[in-house]
S.K.: 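Dropping a structure here in structure tokens format, bear with me for questions.
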Amino acid sequence: MKLQIASAAIALVAALSPSVDAFSPAARPSGPVQRTSALRMSTTEAETANGETAAAAETDNTNVAQTEDTSREKVMTFSYDMSMEAKYEKPTYPGTGNGLSGDSGEYDIIVIGSGMGGLACSALSAKYGSKVLCLESHIKVGGSAHTFSRMHNGEKYSFEVGPSIFEGLDRPSLNPLRMIFDILEETMPVETYKGLGFWTPEGYWRFPIGTKKGFEELLMEQCGEDGPKAVKEWNALRDRLKTLGGSTTAVALLNLRQDAGFLSTTAGALPFVVKNPDVFADLPLTFDDLSKTVDEIVTVPFVRNFIDCMCIFCGFPAKGAMTAHILYILERFFEESAAFSVPIGGTSQLGETLQRGLEKFGGKLQLNAHVDEILIEDGRAVGVRLKNGNVVTARKAVVSNATPFDTVKLMPQKEGEPKKLTKWRDDLGTLPRHGAISHLFLGVDATGLDLSHLEDPAHLIVQDWNRSMQDSQNLCSFFIPSLLDKSVCPEGKHVIHVYSSGGEPYEPWEKLTPGSEEYEEYKKERVEILFKAVEKAIPDIRDRLEFTIIGSPLAHEAFLRRDRGTYGMAWAAGSSAPQAGILGSVLPFPFPNLKTPVDGLLRCGDSCFPGIGTPSAAASGAIAANTMTHVDNHLKLLEEASKKDPIYKFLDPGFMGQVYKPLVQGFTPSAELRTERFATGAGVAPVDYTQKNAERDAAASS
């Protein structure tokens, strides 16, 4: 049993990877719906307010002050107390919907939000046979992974608003998102490229993926006389983490579930554990601060800088990042087949592909349907109330794909509620978070523009290695999808998305009135660094502009429905987050539990394990879907998936899974997720939800 628990535990590290007016805000509503957060106030204003307001202003000052003088060793997080928030209506942006759609009804599972986590949970739950409704506040699917368009001179330009660097989507791979596409039997056309451009104080260099030799040549070139030492230290780091990295082909995130059934669904990892007993000692390292291991092994500055840059996609540099975040890079980025992908038609294709899978299995997606409240009766989530007043009920569960900060707003405190619920709400509402993001969208005339020096569409820019990678005025990225995807703009043009790291402080923006002269000037001031970043690659970029759109943190908040435009939750690795559950008591697990104190209420998305990024968010949705179904259904799905490609063979726990199934099936799904007695005893046999729903529909129509 000890070996089996270890094999399940290593699954926690497996497969980690990492309109015209769309961004022009409408006037902020006035009157009682306006935000009255004390965070608007300056220190002077706070002196006249009560103690709570003064405390909030102090937090405000701390949030802003840390961004004014950043250093390489500083780990930045931002804190707010959601309990001090007055209820308010978010500013509405033209082109994002008013949230007033959505009908009443009854479903097995209701999912709030159509980000990667919500869509993966919805689609897989539908495949498992549940009657599923996914509710999206926006008029577009995909959460942060979607696309908006602008018409200019009668022609259409399309822009990304979120992630743009994807590996492993062009073929069956260990990327959880690609695995889910294949399980749903859905395809998404992509173009590929084989590197990532870096513009640093030393000049331009390119990280080539798919070639170990190519990377070692880069180290020799960039590190001068320290080249051999750099290669040696890099390989020493890979060797140190080799056992943990090898776990990515022993068990996958899609094998996970949060109940006793995990002993069966992860049983296929047992041979790996027997062969690699040192995995026991390395389990705490998996969730610990990566910088501890890097500091022991790596001294060459270039290698340390590279590691920080590759970790920053999770929100932190090596200091603050889980060791698990670099495992996929160490193991998979140097395989010959490794490649980055550009979805043809834009990042929105990620969500639309999952949507097709959801609808194929009878699930429903409702856009422009804003959830105002999660309804709780007798300690159980029983449904949601929509902004238009309609009530939708859930027989089995409600799953929130909203951020923890937005989720707690949907659960107003009730008199006499359980203390555990109150503490959970307070803990999630005060979790540290990453800052906001600023965006710059450029439509560019490409006449006579020679971009042959750019081998790849994705680039990272670092101004100063001595400053924090989280500093939004130090690190940014730009992405030119039109280098590979000609469908996103007219012929002879390019579209470029430039975006800061997730460390933009929200408070200065919150005090401004959208549309005012002061607001417009501040936008230009804060994105000047983004313009300069693109000028490194295209010096005459300003002369080539067809048009420019600036997306402020206020736009990011309203457009993507994320409180204060946050990049995501920011619990630094090395200690357990609040509400981390049993795992947090034995390992430094930096995520709150996907389960909650409310029966039938789960969470998924980038604030849950395994964290920030489209593959990780999708995996969290899969784990939630697995948790809500009987272990037998889960095992059958894994067996089916294992036959779709040789690389997926390890997904099937095989004989060992069947050995453990009789021991755990009576406890799946866990008691708080059961709404019916099963045919041969509680939990012993799975409910055929597909058949039951067909019977209900037939009865309702007769």
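Source: prediction; values computed, not measured.
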S.K.: Please evaluate residues His634 and Phe262 with respect to the criterion ring pair (Phe, Tyr, Trp, His ring centres under 6.0 Å), reporting the C-alpha separation (whole Å), side-chain torsions for both, the decisive distance (0.1 Å), and the verdict.
M.R.: CA-CA 10 Å; His634 190 182; Phe262 81 99; over 10 Å; no
S.K.: Short question: side chain of Glu160, backbone of Thr347 - any donor-acceptor pair under 3.5 Å?
M.R.: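 Such a contact is found between Glu160 side chain and Thr347 backbone.
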S.K.: Without swapping roles, check the side chain of Ser264 against the backbone of Gly657 for a donor-acceptor pair under 3.5 Å.
M.R.: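 Judged by distance alone, yes, a pair lies under 3.5 Å.
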S.K.: Salt bridge (Lys or Arg N to Asp or Glu O under 4.0 Å) with Lys644: which of Glu639, Glu186, Glu185?
M.R.: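 In the set Glu639, Glu186, Glu185, the residue that makes a salt bridge (Lys or Arg N to Asp or Glu O under 4.0 Å) with Lys644 is Glu185.
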S.K.: State plainly whether the residues Asp259 and Arg257 are in salt-bridge range, i.e. N to O under 4.0 Å.
M.R.: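 Salt bridge flag = yes for Arg257 with Asp259.
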S.K.: Without hydrogens or angle criteria, can the side chains of Gln349 and Glu352 be said to hold a donor-acceptor pair below 3.5 Å?
M.R.: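 Short answer, yes.
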S.K.: Which is it for Ser173 and Asn175 under the side-chain hydrogen bond (donor to acceptor under 3.5 Å, both in side chains) test, yes or no, and what are the steps along the way?
M.R.: CA-CA 5 Å; Ser173 73; Asn175 183 324; 5.2 Å; no
S.K.: Output yes when a side-chain donor or acceptor of Ser670 lies under 3.5 Å from a complementary backbone atom of Glu672, and no otherwise.
M.R.: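 Pair absent, no side-chain N/O of Ser670 close to backbone of Glu672.
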S.K.: Could Glu373 and Lys414 be called an ion pair, given the rule that one side-chain N must be under 4.0 Å from one carboxylate O?
M.R.: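 Salt bridge present between Glu373 and Lys414.
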S.K.: Between Leu554 and Trp509, which heavy-atom pair has the shortest distance, and what is it?
M.R.: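 Heavy atoms of Leu554 and Trp509 come nearest at CD1-O, 3.7 Å.
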S.K.: Would the distance check show the side chain of Asn388 and the main-chain N or O of Gly102 forming a donor-acceptor pair, the cut-off being under 3.5 Å?
M.R.: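 Yes: the side chain of Asn388 pairs with the backbone of Gly102.
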S.K.: Between Asp563 and Arg433, is there a side-chain N and carboxylate O pair less than 4.0 Å apart?
M.R.: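 Arg433 and Asp563: salt-bridged.
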S.K.: Report yes or no: does Lys360 contribute a side-chain atom to a donor-acceptor pair with the main-chain N or O of Leu184 at less than 3.5 Å?
M.R.: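 Yes: the side chain of Lys360 pairs with the backbone of Leu184.
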S.K.: Take Ser130 and Ser125 through the test side-chain hydrogen bond (donor to acceptor under 3.5 Å, both in side chains) and record every step on the way to the result.
M.R.: CA-CA 6 Å; Ser130 291; Ser125 293; 5.6 Å; no
S.K.: Evaluate the side-chain proximity of Pro432 to Trp571: yes if any heavy-atom separation is below 4.5 Å, no if none is.
M.R.: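 Yes, close enough: below the 4.5 Å cut-off.
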S.K.: Would you check if there is a donor-acceptor pair between the side chains of Arg603 and Ser400 at a distance under 3.5 Å?
M.R.: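 Side chains of Ser400 and Arg603: no pair found under 3.5 Å.
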S.K.: Determine whether His370 and His138 satisfy the following criterion, ring pair (Phe, Tyr, Trp, His ring centres under 6.0 Å), listing intermediate values before the conclusion.
M.R.: CA-CA 8 Å; His370 186 78; His138 202 286; over 10 Å; no
S.K.: Do Lys140 and Phe148 have side chains that get closer than 4.5 Å, going by heavy atoms?
M.R.: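 Lys140 vs Phe148: side chains touch.
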S.K.: Charged N to carboxylate O below 4.0 Å: is that the case for Glu417 and Arg425?
M.R.: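 Arg425 and Glu417: salt-bridged.
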S.K.: For a side-chain hydrogen bond (donor to acceptor under 3.5 Å, both in side chains) check, start with the C-alpha distance between Ser101 and Gln366, then their side-chain angles and the critical distance, and finish with the verdict.
M.R.: CA-CA 8 Å; Ser101 298; Gln366 176 64 66; 4.5 Å; no
S.K.: Which residue pairs pass the salt bridge (Lys or Arg N to Asp or Glu O under 4.0 Å) test when at least one of the two sits in residues 619-632, sequence neighbours left out?
M.R.: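 Residue pairs passing salt bridge (Lys or Arg N to Asp or Glu O under 4.0 Å), neighbours aside: Asp632-Lys636, Asp632-Lys661.
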S.K.: Gly502 and Tyr567: which non-hydrogen atoms are nearest, and at how many Å?
M.R.: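 The answer is CA-CB, 4.1 Å.
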S.K.: Taking Glu557 for the side chain and Arg564 for the main chain, is one N or O donor matched with an acceptor at less than 3.5 Å?
M.R.: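 Yes; at least one donor-acceptor contact below 3.5 Å.
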S.K.: Verify ring pair (Phe, Tyr, Trp, His ring centres under 6.0 Å) between Phe78 and Tyr506, making sure each step is shown before the conclusion.
M.R.: CA-CA 9 Å; Phe78 297 77; Tyr506 185 81; over 10 Å; no
S.K.: Are the side chain of Asp606 and the backbone of Gly613 linked by a donor-acceptor contact shorter than 3.5 Å?
M.R.: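 It does not hold such a pair.
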S.K.: Would you say Lys131's side chain and Ile109's backbone share a donor-acceptor pair under 3.5 angstrom?
M.R.: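 No.
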S.K.: Taking the side chain as every heavy atom from C-beta outward, state whether Cys604 and Leu594 have any pair of such atoms under 4.5 Å apart.
M.R.: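 Of all side-chain heavy-atom pairs linking Leu594 with Cys604, none is under 4.5 Å.
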S.K.: Look at the side chain of Asp182 and the backbone N and O of Met179, then say whether any donor-acceptor pair between them is shorter than 3.5 Å.
M.R.: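 Between the backbone of Met179 and the side chain of Asp182 there is no qualifying donor-acceptor contact (under 3.5 Å).
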S.K.: Under the 3.5 angstrom rule, does the side chain of Asp485 hit a backbone N or O of Gly345 as a donor-acceptor pair?
M.R.: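 Yes, because the side chain of Asp485 sits within donor-acceptor range (under 3.5 Å) of the backbone of Gly345.
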S.K.: Apply the test side-chain hydrogen bond (donor to acceptor under 3.5 Å, both in side chains) to residues Gln579 and Asp427: give CA-CA distance (whole Å), side-chain angles for both, the deciding distance (0.1 Å), then the verdict.
M.R.: CA-CA 7 Å; Gln579 303 291 333; Asp427 284 347; 2.9 Å; yes
S.K.: For Ser348, give me all partners under side-chain hydrogen bond (donor to acceptor under 3.5 Å, both in side chains), at least two apart in sequence or on another chain.
M.R.: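 In terms of side-chain hydrogen bond (donor to acceptor under 3.5 Å, both in side chains), with neighbours along the sequence ignored, Ser348 is linked to Thr147.
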S.K.: In terms of side-chain geometry, is the basic nitrogen of Asp372 or Arg385 positioned less than 4.0 Å from the acidic oxygen of its partner?
M.R.: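 So Asp372 does not pair with Arg385 through a salt bridge.
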S.K.: Parallel, tilted or perpendicular: which fits the ring planes of Phe159 and Phe441, with parallel below 30° and perpendicular above 60°?
M.R.: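 Aromatic pair Phe159/Phe441 classed perpendicular.
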S.K.: Classify the ring geometry of His439 against His556: parallel below 30°, tilted from 30° to 60°, perpendicular beyond 60°.
M.R.: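 Taking His556 first and then His439, their aromatic rings lie parallel (interplane angle under 30°).
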S.K.: Salt-bridge test for Lys364 and Glu359: reply yes if a basic N is under 4.0 Å from a carboxylate O, no otherwise.
M.R.: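 Result for this pair is no, no salt bridge flagged.
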S.K.: I would like to know whether Asp170 and Arg178 meet salt bridge (Lys or Arg N to Asp or Glu O under 4.0 Å); could you show each step before the answer?
M.R.: CA-CA 8 Å; Asp170 58 311; Arg178 174 61 197 232; over 6 Å; no
S.K.: Would you say Ile112 and Val399 make side-chain contact, with heavy atoms under 4.5 Å?
M.R.: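 No, their side chains stay 4.5 Å or more apart.
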S.K.: Can you sort out the partners of Lys156 under salt bridge (Lys or Arg N to Asp or Glu O under 4.0 Å), two or more places apart, ordered by chain and number?
M.R.: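 Lys156 satisfies salt bridge (Lys or Arg N to Asp or Glu O under 4.0 Å) with no residue once adjacent residues are dropped.
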